[in-house]
Number of protein chains: 2
Amino acid sequence: MINERNLKDLLYQEFARVGKSLSSPKRLEILDLLSYGPKSVETIAKTTAMSVANVSQHLQTLANSKMVKSKKQGNYVIYELADEEISTFLESLHSLAEKQLVQVQQIKREFLNEQFGIEGVSLPELKKRMERGEVMLLDVRPKEEYDEAHIPGAVSLPIEELREKLASLPTNCDVVAYCRGTYCLMSVEAVELLQARGVKAFRLEKDVRDWMEFEKKGIK
Amino acid sequence: MINERNLKDLLYQEFARVGKSLSSPKRLEILDLLSYGPKSVETIAKTTAMSVANVSQHLQTLANSKMVKSKKQGNYVIYELADEEISTFLESLHSLAEKQLVQVQQIKREFLNEQFGIEGVSLPELKKRMERGEVMLLDVRPKEEYDEAHIPGAVSLPIEELREKLASLPTNCDVVAYCRGTYCLMSVEAVELLQARGVKAFRLEKDVRDWMEFEKKGIK
DNA sequence: CATCTATTCAAGAGTTTTATTGAATACTTA
DNA sequence: TAAGTATTCAATAAAACTCTTGAATAGATG
């Protein structure tokens, strides 16, 4: 008879390939970034502050366990998540970590609440205010990510642009800024800049995918 | 201003703790086993064919990332999953791996379908047949796991016992056997034994948790 | 109190990861 | 075709991980 141990060993070794993809902080960061849309190796390297060679190596590990796939586009190799399910899976990993690890809660509190006294807005609240035309919604991520997907009604104004054009922006309109979710600080900076100019600005902790989730529930 | 890199580095390091838990085949096997109920270190070591010291070490890694928790009971230390959500999460890891990795599909096919020409039964089918009193449902896992949770109407007959008492079992009744799901071979062996005695026996690929999931959907 | 037992600890060897560096490759574009 | 650019490859050093072995510990039981 076939050895049960044999099956188990083979099987869990395979399962662990997925686990190994998630066992390196850097790889997790890459995966998270890719969940906001396809990116070139160079772009990933720049936004994650890693060397290109290192990113390339990690991407190959990820491709090996079928977490990402790539295609050549012009001079660039564009990587993206191999499957939508992976994005969902990453989210559940985050929520699990947030629930189980006190450390994460602490980091979150320290960096997001205490350090920046920035008022947050909830999704239903945002929707209401937008319908009434009370606020302008700002997507401060890079333009490409906005093009990939954005919250309906949002205006694209990447954080770099915001920094430059700050002086020429109107100040008479309330603003809500969002970026790549809770752990991304671009919207935090945006709100700080705007507030310093006297604009009533708020941060949306949620991101595009949260919005899509939210709308799906509403429609159901 | 606070370094965004700083936040990211800290954060993903924490997230990766969960990933690291899942990056070792042995740890995954332990987690899976624990998803069927609390177990002592010794029991885990025996069923996974690992040394006690090694299991203890892995369990400590897992406890460190808050995947499992332990309590002292008599002479034993009993470990269990720290949270029900972890069980769900493990399942989604399995389904992801099964979907993405051709290897897993191959292993499954090789070990479960080709090698054993054993007819499987689906959950709705099982329910129908049980309601009509046409089949006996056998839970061939260790007694403790049956006590922890089992499919309603199932009879506990651990595989070892089945082996011993085989000769004294009735042969005039159709049987469906189940154990720890798709990748566990105890039910396969049970079916083989029973079939060799001339009993009409079938395998249920699903397990208790699948059943619970199934019932929940039905009730909704 | 002494013994027994399940578990943990500690040290070490062997392997596997990870980031770095510099070169190689493959593809564009002028 | 030649130059340029994005990515990958290859080699290496440092760090982390995994399993084993044998001893230590803590708690239960006689």
Side-chain angles (χ1 to χ4, degrees), chain A residues 5 8-10 12-31 33-34 38-65 67-80 142 144, chain B residues 5 8-10 12-31 33-34 38-65 67-80 142 144:
Chain A
R5 187 95 312 271
K8 294 259 162 104
D9 282 349
L10 281 170
Y12 283 109
Q13 200 178 340
E14 289 303 316
F15 286 160
R17 291 165 74 130
V18 178
K20 286 211 177 89
S21 291
L22 313 172
S23 69
S24 143
K26 301 292 185 188
R27 277 197 294 271
L28 279 177
E29 195 175 350
I30 293 175
L31 285 172
L33 186 57
L34 288 181
K39 304 247 179 327
S40 73
V41 180
E42 203 187 16
T43 308
I44 298 171
K46 210 173 294 166
T47 47
T48 61
M50 304 167 64
S51 79
V52 172
N54 196 16
V55 168
S56 173
Q57 221 166 282
H58 278 303
L59 284 169
Q60 264 152 72
T61 313
L62 290 171
N64 221 288
S65 52
M67 294 289 107
V68 304
K69 59 186 179 188
S70 66
K71 58 181 177 227
K72 190 106 200 198
Q73 203 170 85
N75 226 342
Y76 300 83
V77 177
I78 306 292
Y79 280 86
E80 65 185 317
E144 307 88 60
Chain B
R5 187 95 313 270
K8 294 261 164 100
D9 283 350
L10 281 170
Y12 283 109
Q13 199 178 339
E14 289 303 316
F15 287 159
R17 290 165 74 132
V18 178
K20 286 210 177 92
S21 292
L22 313 172
S23 69
S24 143
K26 301 292 185 188
R27 278 199 292 273
L28 279 178
E29 194 175 349
I30 293 175
L31 285 172
L33 186 56
L34 287 181
K39 304 246 179 329
S40 73
V41 180
E42 204 186 16
T43 308
I44 298 171
K46 209 173 293 165
T47 46
T48 60
M50 304 167 65
S51 79
V52 172
N54 196 15
V55 168
S56 173
Q57 223 165 284
H58 278 304
L59 284 168
Q60 264 153 71
T61 313
L62 290 171
N64 222 288
S65 52
M67 295 289 107
V68 304
K69 59 186 178 187
S70 66
K71 58 181 180 228
K72 190 108 201 197
Q73 205 171 84
N75 225 343
Y76 299 82
V77 177
I78 306 293
Y79 279 86
E80 65 185 316
E144 308 88 58

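Only this structure's heavy atoms are used, side chains among them; waters, hydrogens and symmetry mates stay out. Numbered from 1 within each chain, the chains take letters A, B, ... in sequence-line order.
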Colleague: Taking CZ from B:Arg17 and P from D:dC17, how many angstroms apart are they, rounded to a whole number?
Modeller: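 Taking atom P of D:dC17 as the reference, CZ of B:Arg17 is at 11 Å.
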Colleague: For DNA chain D, whose closest nucleotide is more 5', that of B:Met50 or that of B:Lys72?
Modeller: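 The residue mapped nearer the 5' terminus is B:Met50.
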Colleague: Using 0.5 Å steps for rounding, measure from the OG atom of A:Ser65 to the CE atom of A:Met67.
Modeller: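 The distance works out to 5.0 Å.
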Colleague: Which part of the nucleic acid, if any, lies within reach of B:Ser23 when heavy atoms closer than 4.0 Å are counted: base, sugar-phosphate only, or nothing?
Modeller: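 The answer is nothing, as B:Ser23 stays clear of every strand by at least 4.0 Å.
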Colleague: Could you give the CG-to-C1' distance, from B:Asn75 to C:dT5, as a whole number of Å?
Modeller: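 In whole Å, C:dT5 C1' lies 5 Å from B:Asn75 CG.
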Colleague: Which nucleotide wins on minimum distance to the side chain of A:Val77, given the candidates D:dT7, D:dT20, C:dC27?
Modeller: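 When the side chain of A:Val77 is considered, D:dT7 is the closest of D:dT7, D:dT20, C:dC27.
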Colleague: So, taking the atom named NZ in B:Lys8 and the one named CG in A:Leu33, what distance separates them when rounded to the nearest 0.5 Å?
Modeller: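 It comes to 7.5 Å.
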Colleague: Nearest nucleotide by nearest heavy atom, which residue falls closer to the 5' end of DNA chain C, A:Ala53 or A:Lys20?
Modeller: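 Its nearest nucleotide being more 5', the pick is A:Lys20.
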Colleague: Taking atom C1' of D:dC17 as reference, at what distance in whole Å does atom CD of A:Gln13 sit?
Modeller: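 To the nearest whole Å, that distance equals 16 Å.
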Colleague: Using whole Å, report how far CD1 of A:Ile78 lies from P of D:dT8.
Modeller: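 Value for this atom pair: 11 Å.
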Colleague: So what does B:Gln57 touch, heavy atoms closer than 4.0 Å: a base, only the sugar-phosphate, or nothing?
Modeller: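 Base, at least one base heavy atom under 4.0 Å.
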Colleague: Return the nearest nucleotide to the side chain of B:Gln60; candidates are C:dA19, C:dT8, D:dA28.
Modeller: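 For the B:Gln60 side chain, the nearest candidate turns out to be C:dT8.
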Colleague: Picking from D:dA28, D:dT8, D:dA6, which would you name as closest to the side chain of A:Tyr76?
Modeller: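 Per side-chain heavy atoms of A:Tyr76, the pick is D:dA6.
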Colleague: State whether B:Glu29 and B:Lys26 are salt-bridged, where the test is any N-O pair (Lys NZ or Arg NE/NH1/NH2 against Asp/Glu carboxylate O) under 4.0 Å.
Modeller: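 B:Lys26 and B:Glu29: not salt-bridged.
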Colleague: Below the 4.0 Å mark, does C:dT7 have OP1 or OP2 next to a side-chain nitrogen or oxygen of B:Ser56?
Modeller: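 B:Ser56 to C:dT7 OP1/OP2: no side-chain N or O under 4.0 Å.
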Colleague: Provide, to the nearest angstrom, the distance between the NZ atom belonging to B:Lys71 and the P atom belonging to C:dA6.
Modeller: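 One finds 19 Å between P of C:dA6 and NZ of B:Lys71, rounded.
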Colleague: I want to check one thing: is the phosphate of D:dT18, taken as OP1 and OP2, less than 4.0 Å away from some side-chain N or O of B:Arg27?
Modeller: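 Yes, within the criterion.
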Colleague: Rounding to a whole Å, what distance do you find between A:Leu59:CG and D:dC9:C1'?
Modeller: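 Result: 15 Å.
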Colleague: Rounded to the nearest 0.5 Å, how far does CD1 of A:Ile78 lie from OG1 of A:Thr43?
Modeller: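 Nearest 0.5 Å value for the OG1-CD1 distance: 7.0 Å.
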Colleague: If you only use heavy atoms from C-beta on, which nucleotide in D:dA6, D:dC19, D:dG27 is closest to the side chain of A:Glu42?
Modeller: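 Output: D:dA6.
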Colleague: Within the pair B:Ser51 and D:dT20, is there a side-chain N or O less than 4.0 Å away from OP1 or OP2?
Modeller: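 Looking at the OP1 and OP2 atoms of D:dT20, one of them is under 4.0 Å from a side-chain N or O of B:Ser51.
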Colleague: Between atom CG in A:Leu62 and atom C1' in C:dT17, what is the gap in whole Å?
Modeller: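 Distance check: A:Leu62 CG to C:dT17 C1' gives 14 Å.
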Colleague: Answer with base, sugar-phosphate or nothing: what part of the nucleic acid does A:Val41 contact at a heavy-atom distance below 4.0 Å?
Modeller: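 Result for A:Val41 = sugar-phosphate.
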Colleague: Distance from B:His58 atom NE2 to B:Ser21 atom OG, nearest 0.5 Å?
Modeller: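 It comes to 11.0 Å.
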Colleague: So, OP1 or OP2 of C:dT17: does either fall under 4.0 Å of a side-chain N or O from A:His58?
Modeller: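 No.
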Colleague: Nearest whole angstrom, please: distance from the P of C:dT5 to the NZ of B:Lys46.
Modeller: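 Roughly 13 Å, once rounded to whole Å.
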Colleague: Could you pull out all residues at least two apart from A:Glu80 that satisfy salt bridge (charged side-chain N to carboxylate O under 4.0 Å, His left out)?
Modeller: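 If we apply the salt bridge (charged side-chain N to carboxylate O under 4.0 Å, His left out) test to A:Glu80, skipping adjacent residues, the hits are A:Lys71.
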Colleague: At 4.0 Å (heavy atoms only), tell me whether B:Val52 reaches a base, stays on the sugar-phosphate, or touches nothing.
Modeller: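 The residue B:Val52 makes base contact.
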Colleague: Please determine whether a side-chain nitrogen or oxygen atom of A:Asn54 lies at a distance below 4.0 Å from atom OP1 or OP2 of C:dA19.
Modeller: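 For A:Asn54, the contact criterion (side-chain N or O under 4.0 Å from OP1 or OP2 of C:dA19) is met.
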Colleague: Heavy atoms under 4.0 Å, any strand shown: does A:Thr61 hit a base, just sugar-phosphate, or nothing?
Modeller: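 The answer is nothing, as A:Thr61 stays clear of every strand by at least 4.0 Å.
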